[in-house]
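A note on names: the letters A, B, ... follow the listed sequences, proteins ahead of strands, and every chain is numbered from 1.
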There are 2 protein chains.
Amino acid sequence: MDERQIGSLRFQLDLSQPIYEQILQQMSSAVVRGEIALGEKIPSVRELAQALKVTPNTVMHAYQEMERSGLTETRRGQGTFITSSRERVEQFRSELADEVIDAFLQRMMALGYSLADIRKLLERRQGGGSR
Amino acid sequence: MDERQIGSLRFQLDLSQPIYEQILQQMSSAVVRGEIALGEKIPSVRELAQALKVTPNTVMHAYQEMERSGLTETRRGQGTFITSSRERVEQFRSELADEVIDAFLQRMMALGYSLADIRKLLERRQGGGSR
DNA sequence: TCCAGTGTATTACGTGTTATGATACACTCA
DNA sequence: TGAGTGTATCATAACACGTAATACACTGGA
């Protein structure tokens, strides 16, 4: 696992997944968790490419996906910025969560687990934690 | 979405995922949910290939993965059979469930959801009941 | 013993995705 | 004007996936 830092951002890249998707996911995570401020400028395509030792094209791919999902706004000649709409970030977060939950439930049901079963299994994870 | 039936098995194949993985997953589901009896013979490589209109190689790929995970036993010249060990099937099921849950929790945490949040979201599914 | 039906292996080919590397263009701002 | 942006294009390579064809090894029943 390769770990690289640029500004306040931290990236962990491996070969198990397309690089552009890992950039996309980790950047989205950072935004959604408030680790990047709304309206903030993120590294330029070339800058991040150099920091991560990948091709600008690969970073571009990730950035374009982010804009497509409304998470960023790009201004030609200026750079790429996190959207300043808190609402949009919230919507992105909950929509993504919905998809993740749907896929999870579908896979578990295919294995014959009921919703009640799933809840029990999750409680078990909580184990020594808060309850 | 293409749906095909062979014996008691039903397969739904699309292009969103490798075919061999869809065969693997749907066959595993059927076993784990008891839709295929323990020790039962499953269609031969050529037979299933013809029914699904794919190449024998593709079915082979799926079958080899199933054997690697201990779900089936292959007997050269005879065919491929579901393991007759209920214990092994149970172990396969719970191991797979563990992996699915781990991946799910990791993705949700990356989006900033706590275990308590996740439980609440799942409860909501139960109430809304869109299955 | 033969043979049809099994699993298995190999080779060649085509396609799509991913990533690289290089180059060029368009835009913005100091 | 020039440096720094996003953007587009081309060629190339590697890899995964699927197809197609062929061949081999094994088993059980006729």
Neighbour count above 12 (heavy atom, 6.0 Å) for [X] [atom1]:
X: B:Q17; atom1: CD; value: yes
X: A:E67; atom1: CD; value: yes
X: B:Q5; atom1: CD; value: yes
X: B:R10; atom1: CZ; value: no
X: A:R4; atom1: CZ; value: yes
X: B:Q50; atom1: CD; value: no

Measuring only between side-chain heavy atoms, which start at C-beta, is [X] closer than 4.5 Å to [Y]?
X: A:L105; Y: A:M108; value: no
X: A:F81; Y: A:R75; value: yes
X: B:I101; Y: A:R125; value: yes

*Under 4.0 Å from any atom of DNA chain D, heavy atoms only: list the residues of residues 55-66 of chain B that qualify, in numerical order.*
B:T55, B:N57, B:T58
Grab the [atom1]-[atom2] distance between [X] and [N] for me, whole Å please.
X: A:E47; N: D:dG6; atom1: CD; atom2: C1'; result: 14 Å
X: B:L13; N: D:dG18; atom1: CG; atom2: C1'; result: 13 Å
X: A:L52; N: C:dT20; atom1: CG; atom2: P; result: 10 Å
X: A:Q17; N: C:dA19; atom1: CD; atom2: C1'; result: 15 Å
X: A:F81; N: D:dG6; atom1: CZ; atom2: P; result: 9 Å
X: B:E21; N: D:dC17; atom1: CD; atom2: P; result: 7 Å
X: A:Q50; N: C:dT20; atom1: CD; atom2: C1'; result: 16 Å
X: B:I23; N: D:dC17; atom1: CD1; atom2: P; result: 13 Å

When you compare the protein's N or O atoms with those of nucleotides 26-29 of chain C, which come within less than 3.5 Å of each other, and at what distance?
unit_1: C:dA26; atom_1: O4'; unit_2: A:R76; atom_2: NH2; d: 3.2
unit_1: C:dC29; atom_1: OP1; unit_2: A:Q78; atom_2: NE2; d: 3.4

*Please determine, for the side chain of B:S44, which listed nucleotide (D:dG18, C:dT6, D:dT7) has the closest atom?*
C:dT6
*Where the side chain of A:E67 is defined as all heavy atoms beyond and including C-beta, which of D:dT7, C:dT20, C:dA19 is the nearest nucleotide?*
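Shortest atom-to-atom distance from the side chain points to D:dT7.
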_Phosphate-side-chain proximity, A:T74 and D:dT5, N/O vs OP1/OP2 below 4.0 Å_ =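 No, because none of the side-chain N or O atoms of A:T74 sits under 4.0 Å from OP1 or OP2 of D:dT5.
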*asked:* Can you confirm whether the side chains of B:T55 and B:N57 place a donor and an acceptor under 3.5 Å from each other?
replied: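 Per modelled atom types, B:T55 and B:N57 side chains form no pair under 3.5 Å.
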*Using a distance-only test with no angle check, is there a side-chain donor-acceptor pair under 3.5 angstrom linking B:E87 and B:Q91?*
no
*asked:* For DNA chain C, report each stem as range with range, ordered by first number, or say none. Use Watson-Crick or G-U wobble pairs under 3.5 Å, at least 3 in a row.
replied: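 Listed by first number, the stems are C:1-30 with D:1-30.
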